2 protein chains.
Amino acid sequence: MNEIAPTSSLDTLLSRNADRLTATDSRLLKVLLQDPMRAAIENGKEISDRAGVHPASAVRLAQRLGFDGYPAFRAFLCANLTEGGRDFGTASARMAARLVRAEEGGLLASVIRGEIASLERLRLMVTDADIRTFSNRLCEARRIYLLGQGHAASLSRLVALRLKRSGYDARDLDAERGAMAMALRGLAPADVVWLFSFRAPHAAILSLADLAHSQNATVLALTDEASAPIWPAPHHLIRVSRGEAGEPQSLTVPMAVVNAVILDLAGIDDGRSLAALEEYRKFRSKLPPDWN
Amino acid sequence: MNEIAPTSSLDTLLSRNADRLTATDSRLLKVLLQDPMRAAIENGKEISDRAGVHPASAVRLAQRLGFDGYPAFRAFLCANLTEGGRDFGTASARMAARLVRAEEGGLLASVIRGEIASLERLRLMVTDADIRTFSNRLCEARRIYLLGQGHAASLSRLVALRLKRSGYDARDLDAERGAMAMALRGLAPADVVWLFSFRAPHAAILSLADLAHSQNATVLALTDEASAPIWPAPHHLIRVSRGEAGEPQSLTVPMAVVNAVILDLAGIDDGRSLAALEEYRKFRSKLPPDWN
DNA sequence: TCATTCATGCAAAACAAATTGCAGCTACAA
DNA sequence: TTGTAGCTGCAATTTGTTTTGCATGAATGA
């Protein structure tokens, strides 16, 4: 059997063989193209059942298109799907879509609308009890380790800074790349590890979750809907939506969550946060004004 | 076999059975969670091969999680993947949930209200023309240097990351602490320096403004009302209010501004941003899933 | 009208995946 | 040390999927 050039797409493949395709093939292709994602997941029998044709026809279609057999065809579909990025809503596609929509009432207004809509949705997805759980764990923690990757790293950095100013021993592990083993040396059951993940979790996140579990430390996680689950499962998880309406890259929603947690923390830690903040302010005012 | 409630997510499923899971299960789950999409496409044998365990272990994992067998588990993964991506919960369900929670004036609700109020005020303080000025300068820039201190550093980090992904030569100077002289070596009139300052400007901000002026580079600044003036004065300044109503430490408002700028940039740079984002996505999809 | 061609379904065979009993192994407790 | 429980891989079995030979029937053209 002749082999399929890895670059050729399903479209070109179909148009090249358009004349050779039969009525049954069309029925199959109709079903197949209607939901390529599903087609990539199912096997030949399921597809042909859905198309109302015999499984043998699926095999013959694959062969007519130049594949060795149905499995080879399915593999091709999968490759097209994951690489070709059918993967619903790519970053650039979403940005483009947004550019179009931004017409009405100006760009900034549209961004603001989106952020507000995302915040409104947050109200429905997270409860005060979720916030309280997080602040309780932080309050009890001996030390707090924070880790995020990519955009989430900006957030973990911010949280580390604010927790430090509130008198907590917080460490942003992203700031200690390359010396992470050193930083994590003393990870103990009394410690809390707080993970931030907004897409597929980076290996470092999973490794840290693993390590934390093995050391019996408490694991908190703040993720979005797009994020794949973290394993081992965190002890406490807040999952927010950064979706559709909002600017997908924005950290507005997760930032609102951490703001609420840090604020709640100040309410339950018997003045520890407030005292530390006050002390920090005083200390800072004594320094020459150009110090951090 | 007990059946899986259709609502339960993989997360809850895993945490519910966390204690029953074995070392082999973890190896499987690690592989599986690293690329759930791929896992949903592959069969039990392929997954277990990739995890380096016997196919039987994949079957047993599925059974331990309460499924009849591996195929049932895979079906569950697929359902999670296709539904999770889409809008879960109907509009009416969300409306109902909202009515229940609308009354309570909890902490999170008040944080959200504050953030929204701040965003509303932003609309009045900044115009699309301001945004456009920034995006124009960025678009023309040969190279973009970013600097923020304290909380603002989280923002400059985020902006640097996003500009880089949009195909611009952006450098977060905070990441190069100690080597700043090195990083700024080639600062030229064609360059843009973007400063972020939300309180009294740190000495480094002022020095950089000074240096940029002496080299005839363009200086942009994003500050808040509390910030003392930057001197020499930046060529373009956006000043936002993070005040009273909102959580004063929050970066929501300045982040909305940078989101708008980056979005506007994509609209005026003739596809440069969109092409770079697309290329980045493609490149990324070719890497093993645990790379950043 | 008849012969040829080709698409299709059927069913059997070949192949691949999933499942399960079994035995070896390890960890832990008595 | 010995026993027990439980995890794991192997291999045989069961179950499911894919492929192919064959028969049917429809369409085309001589």
Side-chain angles (χ1 to χ4, degrees), chain A residues 1-4 13-14 16-32 36 38-79 210 213-216 231-233, chain B residues 1-4 13-14 16-32 36 38-79:
Chain A
M1 278 284 140
N2 56 30
E3 73 185 39
I4 305 299
L13 206 57
L14 290 181
R16 213 203 315 279
N17 301 317
D19 44 346
R20 275 190 268 171
L21 298 180
T22 71
T24 322
D25 290 337
S26 298
R27 297 182 63 182
L28 272 166
L29 286 170
K30 195 176 158 193
V31 169
L32 201 147
R38 185 170 170 190
I41 287 172
E42 290 176 337
N43 57 33
K45 185 179 178 300
E46 288 167 316
I47 284 280
S48 46
D49 281 355
R50 266 196 312 133
V53 304
H54 200 274
S57 304
V59 176
R60 291 185 181 122
L61 167 60
Q63 289 170 338
R64 256 192 283 271
L65 290 177
F67 298 94
D68 277 350
Y70 190 84
F73 181 40
R74 204 185 79 141
F76 173 82
L77 289 176
C78 293
D210 207 17
H213 267 270
S214 68
Q215 303 284 2
N216 288 312
W231 180 254
Chain B
M1 276 286 140
N2 57 31
E3 73 185 41
I4 304 299
L13 204 58
L14 291 181
R16 214 202 312 283
N17 299 307
D19 44 348
R20 273 190 270 170
L21 298 179
T22 71
T24 318
D25 291 337
S26 294
R27 295 183 63 182
L28 272 165
L29 286 168
K30 199 171 157 194
V31 168
L32 202 148
R38 185 170 170 189
I41 287 173
E42 289 176 337
N43 57 33
K45 185 176 178 302
E46 288 167 315
I47 284 280
S48 45
D49 282 354
R50 268 197 309 133
V53 304
H54 199 274
S57 303
V59 177
R60 292 183 181 122
L61 167 60
Q63 289 169 338
R64 256 191 284 268
L65 290 176
F67 298 93
D68 277 350
Y70 190 84
F73 181 40
R74 206 185 77 140
F76 173 82
L77 288 177
C78 293

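Computed from a predicted structure; not experimentally measured. Protein chains get the first letters and strands the later ones, always in sequence-line order, with residue 1 at the start of each.
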Reckon B/A23 touches a base, only the sugar-phosphate, or nothing at all at heavy-atom distances under 4.0 Å? sugar-phosphate
In whole angstrom, what separates B/D25's CG from D/dT8's P? 6 Å
Output for pair (A/F73 CZ, A/L32 CG), nearest 0.5 Å, gives 5.0 Å
If I take atom CZ in residue A/F73 and atom C1' in nucleotide D/dT17, what distance separates them, rounded to the nearest angstrom? 17 Å
Integer-rounded Å distance: D/dT17 C1' and A/I47 CD1: 14 Å
Between D/dG9 atom P and B/L61 atom CG, what is the distance in whole Å? 13 Å
Value in whole Å for how far the P atom of C/dC10 lies from NZ of A/K45: 13 Å
Whether B/Q63 contacts C/dA18 is assessed here as follows: a side-chain N or O lying under 4.0 Å from the phosphate OP1 or OP2. Is that the case? no
Calculate the interatomic distance between B/N43 atom CG and D/dT18 atom P; express it in whole Å. 10 Å
The side chain of A/T24 lies closest to which of these nucleotides: C/dT8, C/dT19, D/dG9? C/dT8
Please report, rounded to the nearest Å, how far the P atom of D/dT17 is from the CG atom of A/D49. 9 Å
Look at the side chain of B/H54 and decide which nucleotide, out of D/dA11, C/dA17, C/dT8, has an atom nearest to it. D/dA11
With a 4.5 Å cut-off on side-chain heavy atoms, are B/S57 and B/D25 touching? no
As a test of reading the structure: which of D/dT8, C/dT19, C/dC10 is closest to the side chain of A/A56, going by heavy atoms? C/dC10
Return the 5'-most residue of the pair B/V59, A/G52 with respect to DNA chain C, ranking by each residue's nearest nucleotide. A/G52
What about B/R60: does its side chain form a donor-acceptor pair under 3.5 Å with the base of D/dG9? yes
What are the two closest non-hydrogen atoms of B/S48 and B/H54, and how far apart are they? CB-O, 3.8 Å
Is there a side-chain contact between B/S57 and the phosphate of D/dG9, meaning an N or O under 4.0 Å from OP1 or OP2? yes
Verdict with reasoning, B/I41 to A/R74, per side chain to side chain contact (heavy atoms under 4.5 Å, CB included): CA-CA 10 Å; B/I41 287 173; A/R74 204 185 79 141; 4.3 Å; yes
The side chain of A/P71 is closest to which nucleotide in this list: C/dT20, D/dT8, D/dT19? D/dT19
Atom-pair distance (CG on A/D68; C1' on D/dT19), nearest Å: 12 Å
Does a side-chain N or O from B/T22 land closer than 4.0 Å to OP1 or OP2 of D/dT8, or not? yes
Which pair of non-hydrogen atoms, one from B/I47 and one from B/E42, has the smallest distance, and what is that distance? CD1-OE1, 3.5 Å
